[in-house]
Amino acid sequence: MLLFSVLSSLLPGLSARQTEQEQKLIVQDIEITGNSKTRPNVIYNYLTFKIDDPITPEAIEASRKQLAAINFFRQVEIYTKPGSKKGAIIAVIEVQERRWPYFQFAGGHSDLDGWYFVPARFRFDNLIGRGNLLAAEIYLSDRTSKFSIHYAYPFLFDGSANLQAELYGGGRQYIHYLNGLEAQQNVDFGGVKLTLEGNEGIFRFIKLGIQKEEFLPDDWLKFSKNDSVITGFFIPANLRPLEQFNRVAAFSLTLGYDGRDNLYYPQRGFWGAAIYEKATTELNSDFQFNRTFIDGRYYQRIFKNHVFAINVKSAFASRGTPFFKRFYLGGANSLRGFAERRLTPVGYGTKLLLANVEYRFPLTQKKRMEPPVFAVLFYSQGGLWQNGEDISNNSMFKSLGFGLRFRLPVLGLTRVDFAFPTTVLNDEDFQLHISLGQTF
Amino acid sequence: MNARIFKFAGMIAFFIFLLTVGAPLAAQSNKIKILEVRPYNERNIVGLQFVLSPFFSAKVSGTIQSGLPSVLEIEFFVKDKQNKILSRRLIFRRISYNIWEEKYRIDSPDTSMFFKQFAALQNRCLLPKSRPFLPVEKINSSPAVTIFARARLRLISSSQSRKLVGWLDQSYQANETISSDESSSGFRLNFSTLVALFMGNSPDKNGDTRWQEFPLLVPGKD
């Protein structure tokens, strides 16, 4: 009797599910029209379905959005035709190819360069119809001006790897604090960078890179407060240029994992990256050094959309690392409560420890996965040391504060942080940080 | 050196900008022309019936007959002589075909209609009718009332047409790859598309047809 009632309650649901499965529309074929130079494989790579897959309006819309987003085409339309048997469909991808390069503006905030602006970026994507991405851009920021050419081929080895190359040249201002006074040193640079990243299986967690660069630091420093300049022997030894050009050639290995449930407002999951970089004379480098970064982030929803988030970052560089490859501390994306680079020793640091803890909660009533406005309470602690110095809790800097995050049109997630250092430094007791994106 | 590079890049930018803006925009598909608007009077409340030009191209028919739904949208508003909007409405009709039961179907928010023949569904779709929405006395007190209407079909019930946001790539965050040094967040604007959107020959900015104008002549009104 009991068995009968259990079966009778289960069977209708079971048969409905079976019917639903049987009644799925299946892709019998994919036809592509309007492409004169773009190879069909390039288009297949951006579709969320393939032949013999079940198809839904959502999958078609997702594919259309992906194809539209790559900007290879001026127009993308997907429609369907009945297939040769019931439930089979033929998906037709109709595209209008972009014949000319296109032009982009860009802007934002970067850790290394502060606020930046790209007044001119020319995109020559899909120039020969193989899905290659090519861009040339002028990049201007608070501290950097550069010209660069980017190339990417996202479907190397039949789509299993992604190749990127960058050729660049320009100048960057490095901030130093000498006896509490801010000074700037310009470093001209130029180089080429190649990276190869897996797209599938275990290789999607791995990235290999090789980089060859030349640096030319100025042999003078300019103080921002009084416009005075120091030069020659007055410059600290570790900031002086070695010779006319300082060549750095290095390879790198990056292991990365992203298990966050959402990029905009992660509520659960872990993100981690470990990077090892080695510069060696065998690659014709003037410097020989190793650098290691370890960065971990963990997110845990506490209740409703309230989230506890923690980020721990550490970095080590060996003796012999030039200052422009060493680490800095202080600023909106580093240790809040202190000005940009404020806690960086002269010649930059070789041992970095940084931890940020945040409690994030939405300020809107509606329960959404991505709240448009939310607040943050944070505590940060970090330290930066040079070779020969011991890492100790006493030499760490600490701060706490609160912040607001809101999503603005065009700019995206905008961040305002009110940060109060608990380790007082020269009577500096408050910092307002305005930036874009999450801290971590 | 830097100044020369910037000057050269600026000249190239301007040249490419001219080329891209000059390129005409692609014609939009799935636009529907409204041939006529027929008002009707039901208990002193006026409704509208639209007469649409045939839009069941091979593309539209094939999509519906393969089992994927499409949505017909008619947007309209009624204005008096002083440009005051008396009413604004949107009509939705979801058009679908159940290939297993071999039934065509039109769904509106309150009703569903079934058809055995595709021709019958087509005929019905070409004459969509709003519910009565505007009291006759409102029209009587405002001489020279005009209807502005436009119609379109969304294939596979999704927004297939190029949208206004096409010029703006989504803001991005690129701090997921390399920690410490190279994280950044920002936005990108497709400038040429933005300019073409406002200066090009396109009759519409977001895939809709132009607004069409019709006089509102209420049956039985003097």
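Residue numbering restarts at 1 for every chain, and letters A, B, ... go by the order of the sequence lines. What you are looking at is a predicted structure, and each value in this text was computed from that prediction instead of being measured.
Within 6.0 Å of CZ on B:Arg124 lie no more than 12 heavy atoms contributed by other residues, nucleotides or ligands.
Here B:Ile156 contributes atom CD1 and A:Glu77 contributes atom CD; the two are 8.5 Å apart, rounded to the nearest 0.5 Å. To the nearest 0.5 Å, atoms CG (B:Leu68) and CD1 (A:Ile78) are separated by 11.0 Å.
Residues B:Leu155 and A:Ile60 have side chains not in contact (no heavy-atom distance under 4.5 Å, counting atoms from C-beta outward).
Nearest heavy-atom pair across A:Pro82 and B:Ser66 is N-CB, 3.5 Å.
A salt bridge links B:Glu102 to A:Lys86: one of the charged nitrogens lies within less than 4.0 Å of a carboxylate oxygen.
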